[in-house]
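Input: a single structure, listed below in structure tokens.
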Amino acid sequence: MSADRSAAALAMRRDRARKKLAKMLSMAFPDEFLTMIWAGAAIKYGHVDKGLAQFQIAPPELIEGLKKPAALNFWTLETLVNEYLTTPTRLNSQRVHVLNCKDLNNLGGLHNRIMELENADDSIFLSQNHVLSGMARIAQRQFSWQRDNWNRTSLFRSTMLFHFPEAEEHFRAKHGISMGDFSRVGLLAYSHLKAYPAIALNVDAKPVGLSDETRDAAFTILSETVLSARKEATSMRAAHPYVAYKPSRLREKPCLISKDGRRIFAPIPELVMERYTRGLYYDLVDGGGRLNDKLGKNFENYCVTLLRGSLERITVHPETIYKKGQQRTPDIRLMCGEEVRVVIECKAKKAPFLAKFGEMDAVLKSAGLDELANGVMQIWRYFADARCGDIQDAGPTHENALGMVLTLDSWADMSREMREEIMRRARVRAAEKLPHAIDEDFRAVLIKYVDDLEIVLDTCTDDSFLSALDKGAADDLADWHLSSLHDQVPGRSAVEKPFPFQAEWPEVMSWWEDWLRDIRPKFAKPGSRDS
């Protein structure tokens, strides 16, 4: 078969898959459809009884099939909602040919249809690209769901990073509500929506200290009508060719208002928590350099606090000034005794959508990679200046010392191409700005995601932590997750480690402590790790 005929055949396959999916989606009423997706998410999270309660038809063999790890992936359910929002409805007044969303078979059928479309897309992509070139965006799409991202650490991190006076002023001017009150309402909504598919728009929040005006302002941030969601989803997804790698409207508005205007649905409740934690970044990103600089400094402080609360013998040193105030060391230095072992530069900038999910050619052109490359160059500068004796408090450099660019977002997750481009740009910068550097200064620099670091620090000893970093310095393992490398080294902690932010929690999380005084019976004790 010629290349043209093969391409045409693949395109026809994708077109058939798209039509089969659209036919099912076009026959579903919004409220019923969103409830069905919520039920699927509940089953996936192990709340099988709550999920199955939404179905009138649920064959036992299908129930068992949907419990399997590969069934009902959250990222696929999220894609299904977005495809529903971009599919025109074909419902008539007689309600003929309506998709029965209370039939579990139809949830399974929709899941199969979306997978057929994704597979057809993948066939087209792989006919034009090497198989490994698509691994990075698979990781970007799936790994955040496979990590435990909705926990106490995530809540603390978002508060420490985003809740500061200048940000509060910006947020209140934009939304008419404080970030603390938004988080309170978000937590109220999330706790309810984990157990039920919808919450009343006029739910009485006054017993927990929230006014109707505060509730309404928060719900305006969290939700929109289905009509609005359809318009926005269609616009934001139109330019992206592959169904699995299109922007999700649920990341900005995780809830949809019911047809009668009285309730809001959260088809995937975890995205509600995502919106009032990590999602606060998008409320502040347009605030200009002052907010971005403060966010970057808060991220540095967070990483210092995290490392100090997780490591025992390794000491953690923040940046210092040298050369009469003309230079700063990288953000963090980890020292074993008197020797510098790890040099860390923290980068809080979020990756643009195309840098995560675009074609590799577009990814490698991202201007955002310049900031990461500059972080690598700053680490090399430190090693060069320390060797030359320009940094008074540097201390000797360990023979196995290495660097790490620690990111708030998953920039180079599982992407050899992106990492190599970052290093290429760093070498170009170093050739211009570091004329005094020699080969030994260009030490290995890992590019790692803070979520991955948190997983390792939760179970590591000092020795196992350094062993995992050393493994990652090898070029053939540089793209591995740090947590995967840590799984391969001996010496993991034999006991559960204490929460690393226990001392900082009361001050940083003052809004949470106020909240617990009102609804403590509904939540775990504040000292427990699953709070």
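In this structure a side-chain-to-backbone donor-acceptor pair under 3.5 Å is missing from Lys44 to Asn73. With hydrogens and angles disregarded, a donor-acceptor distance shorter than 3.5 Å links the side chain of Asp452 to the backbone of Ser483. A distance-only check finds a donor-acceptor pair linking the side chain of Thr159 to the backbone of Leu155 [under 3.5 Å].
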Scan the side chains in residues 340-356 for donor-acceptor partners under 3.5 Å anywhere in the protein, sequence neighbours excluded, and list what turns up.
{"from": "Arg341", "atom 1": "NH1", "to": "Asn400", "atom 2": "O", "distance (Å)": "3.0"}
{"from": "Arg341", "atom 1": "NH1", "to": "Asp470", "atom 2": "OD1", "distance (Å)": "3.2"}
{"from": "Arg341", "atom 1": "NH2", "to": "Asp470", "atom 2": "OD1", "distance (Å)": "3.1"}
{"from": "Arg341", "atom 1": "NH2", "to": "Asp470", "atom 2": "OD2", "distance (Å)": "2.6"}
{"from": "Glu345", "atom 1": "OE1", "to": "Asp331", "atom 2": "N", "distance (Å)": "3.4"}
{"from": "Lys356", "atom 1": "NZ", "to": "Asp409", "atom 2": "OD1", "distance (Å)": "2.8"}
{"from": "Lys356", "atom 1": "NZ", "to": "Asp409", "atom 2": "OD2", "distance (Å)": "3.2"}

If you look only at distance, which donor and acceptor atoms sit under 3.5 Å apart when one is on a side chain in residues 375-382 and the other is two or more places apart or in another chain?
{"from": "Trp380", "atom 1": "NE1", "to": "Arg443", "atom 2": "O", "distance (Å)": "2.9"}

What do the steps show when you test Glu300 against Lys297 for salt bridge (charged side-chain N to carboxylate O under 4.0 Å, His left out), and what is the final call? CA-CA 5 Å; Glu300 293 172 23; Lys297 191 62 182 177; 3.2 Å; yes
Run the numbers on Arg157 and Glu454 for salt bridge (charged side-chain N to carboxylate O under 4.0 Å, His left out), then give the verdict. CA-CA 11 Å; Arg157 187 211 299 170; Glu454 289 168 350; 2.8 Å; yes
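The aromatic ring centroids of Phe162 and Phe171 lie 6.0 Å or more from each other. You'll find the ring centres of Tyr449 and Phe143 outside the 6.0 Å limit.
We find the OG1-CD1 distance between Thr76 and Ile114 to be 7.5 Å, quoted to the nearest 0.5 Å. For the atom pair CZ (Arg113) and CG (Leu80), the distance works out to 11.5 Å, reported to the nearest 0.5 Å. Rounding to the nearest 0.5 Å places CD of Gln128 at 8.5 Å from CG of Leu10. If you take CG on Asn374 and CG on Leu369, they are separated by 12.5 Å, rounding to the nearest 0.5 Å. Taking OG of Ser464 as the reference point, atom CG of Leu466 lies at 8.5 Å (rounded to 0.5 Å). Annotation: the span from Leu408 atom CG to Tyr302 atom OH amounts to 9.5 Å, rounded to 0.5 Å.
Of the listed residues (Arg333, Arg328, Gln327), just one forms a side chain to side chain donor-acceptor pair (under 3.5 Å) with Thr320, and that residue is Arg333.
Listed here is the closest heavy atom pair of Cys255 and Val272: SG-CG2, 3.7 Å.
Relative to the six-membered ring of Phe125, Arg137 meets both conditions, a distance below 6.0 Å and an angle of at most 45° to the axis.
Annotation: side chain of Ile221 is in contact with side chain of Arg275 (closest heavy-atom distance under 4.5 Å).
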